[in-house]
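In what follows, a single structure is set out as structure tokens and then discussed.
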Number of protein chains: 2
Amino acid sequence: MPARTVVPRNVTGTQRKPRNERWSEVLTVATEVIYERGYEAATLQEIADRIGMMKASLYYYFPSKETLFIEVLRQAHDTGLAIVQRAANEPGDPLQRLESVIRQHVEHTCNNLVAAAVCQEGIRRLPEEIRRDIVGGDHAYQEVFRSLIVEAQSAGLVRPGANPRLATLSILGSTNTVYRWFVPRTPDDARLVAVELADLAIRAVATPEVLLRRDPPASSEDPDQQIA
Amino acid sequence: MPARTVVPRNVTGTQRKPRNERWSEVLTVATEVIYERGYEAATLQEIADRIGMMKASLYYYFPSKETLFIEVLRQAHDTGLAIVQRAANEPGDPLQRLESVIRQHVEHTCNNLVAAAVCQEGIRRLPEEIRRDIVGGDHAYQEVFRSLIVEAQSAGLVRPGANPRLATLSILGSTNTVYRWFVPRTPDDARLVAVELADLAIRAVATPEVLLRRDPPASSEDPDQQIA
DNA sequence: CCTACCGATCGGTAGG
DNA sequence: CCTACCGATCGGTAGG
């Protein structure tokens, strides 16, 4: 029996990659597989196949399937949350900031459809304890929207009759389902959808006075102009 | 070896039920299991266990798992669609009908949380061909909302600037995610949520004139009164 | 990162 | 509707 050189290589003969690079690849591919198969039906076998690795080798990178999947969700969630929190702290009155938050939330969703879908559909499937760890004990995401609405209400920009919690859930419902239907055709489709959905959301809660400033009474100015 | 009486009974000794009754039970239990485990992770074993039947016996009622699951989705979808279509054809101007459609859609969702969740999350997992068969080639559900918005726009009740398709998707996004957060506490919570979400949606698209009629300028009438 | 496994469970079938 | 199965596949482990 001739001695065989023992070189680490896989079935397809491709090179071994640095651990960090491979780890990113595993996360990306896992996200895609979860997106296509659904959170519960995604298998390690399919992830391994796409990377060109044996299924058992994946355990070099994480201790269990659940660990990997949680990491996928945590990354998707935290990225979105950071964007929304940053937008909420930019200058402007509370209603302008709310509109900006919605726009950036939607635009980010449109530009990260796979991650958005996985985040929406996966987090609901997590055991309660882990879900709390990811979304935060205080529902950090919702709180960004809700507190802006409360602020805007105090400033007289949002109708006193509006229920901040319900308005938040309505806005998050409409924006968090964008991934289900959005199909990018031109490069600025994402921006257009973001602007339009934010506009609808703001109109739903704004006071009549704010709305009058938004739609000048059809005489003095350019009718196409929209207030930023 | 003593002769044993051959009587059809299962492990738990419970009685055999009429076929129709059992079929309804299978559908109901399947809906619940899909709700709890997710569409892809729901198993025939768990459905059989809850009914108190052997897994193989389920095949007396349907030819494959997919057939059963499709039937679950079709039933959930068609029930909701019927409610919405009926509401769309009641008397009233297009905007009033749109508001009524949204209210009834939301109220039905609140009163059928499990079916709503299964419908929302399951249909997306179906092979394209079967999905088209269930939701209809023309997206019947969306079309109810969209055509009312177009009608209301022609009647001058909805802003000319509103995009009927996007407004529809926004409304369906906010209403179709109600099952994720709604927790009934008092018997009329469903009605309250339905009224409020419909109000937000109508305000988002209505013309300034319609909105003025909705919020009288804080002098002549009872300020708590809402226009139906 | 691979080879070689394992126990558990899946949807489904044959035959009654 | 049950008994008795089957092939396929699942997540995961031992050992290198």
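Order of the sequence lines fixes the chain letters, A, B, ..., with proteins taken first and strands second; residue numbering starts at 1 for each chain.
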Exercise. Could you tell me whether the side chain of A:Ile130 reaches within less than 4.5 Å of the side chain of A:Glu66, counting heavy atoms only?
Key: yes
Quiz prompt | d(OH, A:Tyr39; C1', D:dC10) in whole Å | solution = 16 Å
Exercise. Write down the distance between CD (A:Glu46) and C1' (D:dA8), rounded to a whole number of angstrom.
Key: 15 Å
Self-check item: B:Ala42 backbone acceptor or donor facing B:Lys65 side chain under 3.5 Å
Solution: yes
Quiz prompt | Within 6.0 angstrom of B:Glu36 CD, more than 12 heavy atoms from elsewhere | solution = yes
Quiz prompt | Nucleic acid footprint by protein, nucleotides 11-16 of chain C - heavy-atom cut-off 4.0 Å, B for base, S for sugar-phosphate alone | solution = BBB---
Practice problem: Flag yes if more than 12 heavy atoms outside B:Glu128 fall under 6.0 Å of its CD atom; otherwise flag no. | Solution: yes
Practice problem: Check A:His77, A:Gln85, A:His105 against A:Tyr141 for a side-chain hydrogen bond (donor to acceptor under 3.5 Å, both in side chains) and give me the one that passes. | Solution: A:His105
Exercise. Check the pair A:Arg37 / B:Arg125 against side-chain contact (heavy atoms from CB on, under 4.5 Å), numbers first and verdict last.
Key: CA-CA 8 Å; A:Arg37 304 292 174 202; B:Arg125 290 295 156 198; 5.6 Å; no
Quiz item: Is there side-chain contact between B:Met53 and B:Tyr61, with heavy atoms separated by less than 4.5 Å?
Solution: yes
Quiz prompt | B:Ser170 (side chain) donor-acceptor with B:Leu166 (main chain) under 3.5 angstrom | solution = no
Quiz item: Considering the terminal five base pairs at each end of the helix from C:dC1-D:dG16 to C:dG16-D:dC1, what angle separates the two local helix axes, rounded to 10°?
Solution: 0°
Quiz prompt | Whole-Å distance separating the CE atom of A:Met54 from the P atom of C:dC2 | solution = 6 Å
Practice problem: Please report, rounded to the nearest Å, how far the P atom of D:dT3 is from the OH atom of B:Tyr60. | Solution: 17 Å
